[in-house]
Amino acid sequence: MRAEVAAETQRLKTYLAPTVEMQDLFLEDIEIKMAGAHRTVHVIVDLPEGESGGVSLDRISAAAQVISEAMDNDPGDDGRPYNLEVSSPGVSRPLTEPRHWRRNTGRMVSVSVERGDDVMGRLVSVEDDGITLIPEIPVKKGMKAKQGDQVHLPFADIRKGRVEVEFAHLEDDPAGDDAPDDETTAEEA
């Protein structure tokens, strides 16, 4: 059963990737969960690498409609009923590929490394061989965090990485009240 699901997942990735790209989105992953003869197909889409921010709910909705039509007309489909779920990767997605790191440049990340202490800091840049960040130096609770010198971490030395959710105070917003609102993302919904 596992091999069958893996093969169907790969087939759907190949079949749906052009459909997702026509929506100016990137097909991040597909997960299929089986329950008897029924299946749930979870399609995860993201913005292309050059775009910043999250995928808006309007774009998720438009992509879901087009993906649903493509699946209904899939010539390789075996006719089993399915539920379709379309979402963005979400902030809890592990950072496993260079494009994941590039999409999160400027954000606070925590990095588990192969040797040494884990590092948390602001991601400054992503190079071909690794990442550069400004580490946060631990301080006493209630004190403003201090920043260390930039550190370069090769991808080969990174065991795991993830984005840290930051909650900024209104007075910390340098743009003030006149700044335009960001798009609502599926992650915020």
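Numbers for residues simply follow the sequence, beginning at 1. Here the structure is a predicted model, which is why all the values come from computation and not from measurement.
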Might you point out which heavy atoms bring [X] and [Y] nearest each other, and give the distance in Å?
X	Y	result
Pro48	Asp24	CD-O, 3.2 Å
Pro81	Ala37	CD-O, 3.8 Å
Leu16	Ala70	CD2-CB, 3.9 Å
Pro98	Val126	O-CG1, 4.2 Å

Would [X] and [Y] show up in the same hydrophobic cluster when neighbours are defined by side-chain heavy atoms closer than 4.5 Å?
X	Y	value
Ile158	Val151	yes
Ile32	Met71	yes
Leu153	Val163	yes
Val5	Ile30	yes
Tyr15	Val43	yes

Spatial distance of atom [atom1] ([X]) from atom [atom2] ([Y]) [nearest 0.5 Å]:
X	Y	atom1	atom2	result
Leu95	Arg103	CG	CZ	11.0 Å
Asp74	Glu69	CG	CD	13.5 Å
Leu25	Ile67	CG	CD1	8.0 Å
Glu8	Lys13	CD	NZ	12.0 Å
Met108	Arg162	CE	CZ	12.5 Å
Arg122	Glu166	CZ	CD	4.0 Å

| Any Lys/Arg nitrogen of Asp29 or Arg93 sitting under 4.0 Å from an Asp/Glu carboxylate oxygen of the other? |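 Judged by the 4.0 Å cut-off on N to carboxylate O distance, Asp29 and Arg93 do not form a salt bridge.
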Between Asp46 and Arg99, does the side chain to side chain contact (heavy atoms under 4.5 Å, CB included) criterion hold? Intermediate values first, please.
CA-CA 11 Å; Asp46 199 1; Arg99 73 174 298 276; 3.9 Å; yes
Donor-acceptor pairs are to be reported for all side-chain atoms of residues 131-140 against protein atoms at under 3.5 Å, with residues two or more places apart or in another chain.
residue : atom : partner : partner atom : Å
Thr132  : OG1  : Glu127  : OE1          : 3.2
Thr132  : OG1  : Glu127  : OE2          : 3.2
Thr132  : OG1  : His152  : ND1          : 3.3

Would one find more than 12 heavy atoms of other residues, nucleotides or ligands at under 6.0 Å from atom CZ of Arg159?
yes
key: Atom CD of Glu49: over 12 foreign heavy atoms under 6.0 Å   =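 It does: Glu49 CD has more than 12 such atoms within range.
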Do any side-chain atoms of residues 110-120 form donor-acceptor pairs under 3.5 angstrom with protein atoms, and if so which ones, sequence neighbours left out?
residue : atom : partner : partner atom : Å
Ser110  : OG   : Glu164  : OE2          : 3.0
Asp118  : OD1  : Val113  : N            : 3.4

Only residue of Asp72, Asp77, Thr40 satisfying side-chain hydrogen bond (donor to acceptor under 3.5 Å, both in side chains) with Tyr82 is Asp72
Margin query: Using side chain to side chain contact (heavy atoms under 4.5 Å, CB included), reason through Gln23 and Val55 one step at a time and then give a plain yes or no.
Written below: CA-CA 11 Å; Gln23 298 297 304; Val55 185; over 6 Å; no
Test log, rule salt bridge (charged side-chain N to carboxylate O under 4.0 Å, His left out), inputs Arg80 and Glu4:
CA-CA 14 Å; Arg80 283 187 281 185; Glu4 179 185 336; 3.2 Å; yes
Beyond-backbone contact of His100 with Glu28, side-chain heavy atoms, under 4.5 angstrom: yes
